[in-house]
Amino acid sequence: MKQHLGAVALLVRDYDEAIAFFTRQLRFRVVEDAQLPGENKRWVTLSPPGASEGRLLLAQAATPEQERQVGNQAGGRVFLFLHTDDFWRDHEQMTAAGVQFLEAPRVEAYGTVAVFADLYGNKWDLLQLVGSTGA
């Protein structure tokens with residue numbers, strides 16, 4: 001049996017501002033962006049550079065409860081983990097693009113990592129695992 005996560009939903013205030021952040025600051029690409037027939041919402045999925053599986057599904061908050069959770073889906077913990085084959089390249093590019101890192105990069109037994117915040121304040125790890133290098 002083979003399985004993988006198809007998508008992880010991320011609550012956002014606005015589709016277009018979220019698309020702009022993820023495509024400009026993180027270099028994600030838009031995989032799908034379609035209006036759902038008969039609904040006031042879109043199906044928007046994004047993918048990091050070079051990814052072949054797994055998507056980030058942007059879910060625009062539709063209720064007051066959902067709006068309160070934008071930026072805090074994990075209760076203040078790191079929520080998503082962006083793996084890379086070159087930590088320093090991506091850290092430099094993201095910093096230059098205005099991404100807010102919440103700590104200095106550090107080397108751990110498992111790899112090189114730093115926590116950053118997305119446009120809503122959700123915490124992410126930029127992470128290069130030990131043994132994961134670019135070609």
Side-chain angles (χ1 to χ4, degrees):
M1 177 191 313
K2 180 181 177 186
Q3 297 179 339
H4 71 274
L5 289 176
V8 173
L10 179 69
L11 283 170
V12 300
R13 273 192 303 261
D14 177 82
Y15 291 116
D16 294 321
E17 75 178 359
I19 290 169
F21 173 82
F22 285 103
T23 59
R24 293 179 188 154
Q25 271 92 349
L26 301 185
R27 298 178 299 133
F28 281 37
R29 67 181 177 90
V30 176
V31 177
E32 298 174 274
D33 184 354
Q35 184 70 42
L36 296 177
E39 299 186 46
N40 188 24
K41 59 183 172 178
R42 291 158 50 187
W43 182 262
V44 179
T45 60
L46 307 174
S47 175
S52 61
E53 293 185 4
R55 302 286 182 257
L56 186 63
L57 171 67
L58 302 182
Q60 186 167 296
T63 67
E65 175 61 25
Q66 290 175 6
E67 289 173 10
R68 285 191 293 276
Q69 299 308 314
V70 171
N72 192 32
Q73 284 186 236
R77 292 184 60 103
V78 170
F79 176 49
L80 296 163
F81 299 80
L82 182 58
H83 287 208
T84 178
D85 63 351
D86 188 332
F87 177 89
W88 296 107
R89 173 200 65 211
D90 291 347
H91 183 270
E92 181 178 314
Q93 182 278 323
M94 291 166 65
T95 300
V99 173
Q100 178 190 11
F101 279 87
L102 304 178
E103 63 180 18
R106 64 187 194 281
V107 177
E108 301 287 351
Y110 56 83
T112 305
V113 62
V115 177
F116 69 93
D118 68 21
L119 75 163
Y120 300 114
N122 292 299
K123 293 179 181 175
W124 294 59
D125 270 359
L126 176 64
L127 174 63
Q128 181 177 357
L129 295 171
V130 169
S132 175
T133 58

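The first residue of the sequence shown is numbered 1, and numbering continues consecutively from there.
- With rounding to the nearest 0.5 Å, the separation of OG1 in T45 from CZ in R29 is 8.5 Å.
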Task: Criterion side-chain contact (heavy atoms from CB on, under 4.5 Å) on V44 and Q60, from CA distance to verdict - done: CA-CA 10 Å; V44 179; Q60 186 167 296; over 6 Å; no
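- The aromatic rings of H91 and W88 lie perpendicular to each other, with more than 60° between the two planes, well past the 30° mark.
- Within 6.0 Å of atom CZ in R77, 12 or fewer heavy atoms from other residues, nucleotides or ligands are found, so the atom counts as exposed in its surroundings.
- Taking every heavy atom of both residues into account, N122 and G71 meet most closely at OD1-C, 3.2 Å.
- To the nearest 0.5 angstrom, L102 atom CG is 13.5 Å from W124 atom CH2.
- Side-chain atoms of N72 come within 3.5 Å of backbone N or O of G76 as a donor-acceptor pair.
- P49 approaches R27 most closely through the heavy-atom pair CG-O, 3.4 Å.
- Residues M94 and F101 meet the side-chain proximity criterion, which asks for heavy atoms closer than 4.5 Å.
- Counting heavy atoms of neighbouring residues, nucleotides and ligands inside a 6.0 Å radius, atom CG of L5 does not exceed 12 of them.
- Under the 4.5 Å side-chain criterion, counting only non-hydrogen atoms from C-beta, R42 is in contact with I19.
- Put simply, the side chain of V12 does not reach to within 4.5 Å of the side chain of F21, judged on heavy atoms.
- The side-chain heavy atoms of L10 and F79, taken from C-beta on, include a pair separated by under 4.5 Å.
- Put simply, the side chain of V113 does not reach to within 4.5 Å of the side chain of F81, judged on heavy atoms.
- At most 12 heavy atoms of other shown residues, nucleotides or ligands fall within 6.0 angstrom of atom CZ in R24.
- When all heavy atoms of L129 and L127 are compared, the closest pair comes out as CD2-CD2, 3.7 Å.
- Pairs passing the ring-ring contact (aromatic ring centres under 6.0 Å, His included) check and including a residue from residues 23-46, sequence neighbours excluded, read F22-F28.
- Pairing each heavy atom of A7 with each of L57, the nearest pair is CB-CB, 4.2 Å.
- In this structure, L126 and V99 have side chains that are not in contact, with every pair of non-hydrogen atoms separated by 4.5 Å or more.
- No path of Ile, Leu, Val, Met, Phe, Trp and Tyr side chains, each step under 4.5 Å between heavy atoms, connects F87 with V107, placing them in separate hydrophobic clusters.
- Tracing side-chain contacts under 4.5 Å through hydrophobic residues (I, L, V, M, F, W, Y), one reaches Y120 starting from V8; they form part of the same cluster.
- Taking a 6.0 Å sphere around CD of E17, one finds it holds more than 12 heavy atoms contributed by other residues, nucleotides or ligands.
- Tested against L11, the residues R68, Q66, E67 include a single side chain to side chain contact (heavy atoms under 4.5 Å, CB included) partner, Q66.
- Counting all heavy atoms, side chain and backbone alike, A61 lies closest to V70 at CB-CG2, 4.0 Å.
- Minimum heavy-atom separation, A114 to P105: CB-CA, 3.9 Å.
- A 4.5 Å side-chain heavy-atom check between L58 and L46 finds at least one atom pair inside the cut-off.
- Atom CG of D33 is separated from atom OH of Y15 by 9.0 Å, given to the nearest 0.5 angstrom.
- Atom CG of L119 is separated from atom CG of D14 by 9.5 Å, given to the nearest 0.5 angstrom.
- Two residues are said to be in side-chain contact when any heavy atoms from C-beta on lie closer than 4.5 Å; Q128 and D90 fail this criterion.
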